[in-house]
Amino acid sequence: MLKKMFFHIIGFGLILAGWFVCVINVGLDRGATPFRFFSVPNVIGLLIILVGAYFPELATKFLGKDDSK
């Protein structure tokens with residue numbers, strides 16, 4: 001149970017980190033360069049968000065022990 005909670009906390013942290021990368025990129029680039037929807041930092045942030053979304057399920061499946069046995 002604690003492992004599963006730990007995996008969810010890591011996933012939530014990854015989601016927040018990806019969001020932070022996207023928001024900081026947009027905030028720093030505002031007005032400095034022509035607007036591009038898919039810039040490299042935004043794509044990296046979106047990938048971090050996706051990894052964070054699926055991390056708890058995959059980590060529980062491969063690294064966590066099944067408590068129902």
J.: Quick check for you: to the nearest 0.5 Å, what is the distance between I15 atom CD1 and I10 atom CD1?
T.: 12.5 Å
J.: Nearest heavy-atom pair of L46 and C22: which atoms, and what distance?
T.: N-SG, 3.9 Å
J.: CD of E57 to CZ of F62: how many Å apart, nearest 0.5 Å?
T.: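 The distance works out to 10.0 Å.
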J.: So, for F55 and F7, which heavy atoms are closest and what is the spacing to 0.1 Å?
T.: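 Of all heavy-atom pairs spanning F55 and F7, the closest is CD2-O, 3.6 Å.
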J.: Atom CD1 of I24 and atom CH2 of W19: how far apart are they, to the nearest 0.5 Å?
T.: 8.0 Å
J.: For V51, give me all partners under side-chain contact (heavy atoms from CB on, under 4.5 Å), at least two apart in sequence or on another chain.
T.: L14
J.: Determine whether F6 and L63 fall in the same hydrophobic cluster, where Ile, Leu, Val, Met, Phe, Trp and Tyr are linked whenever their side-chain heavy atoms lie under 4.5 Å apart.
T.: yes
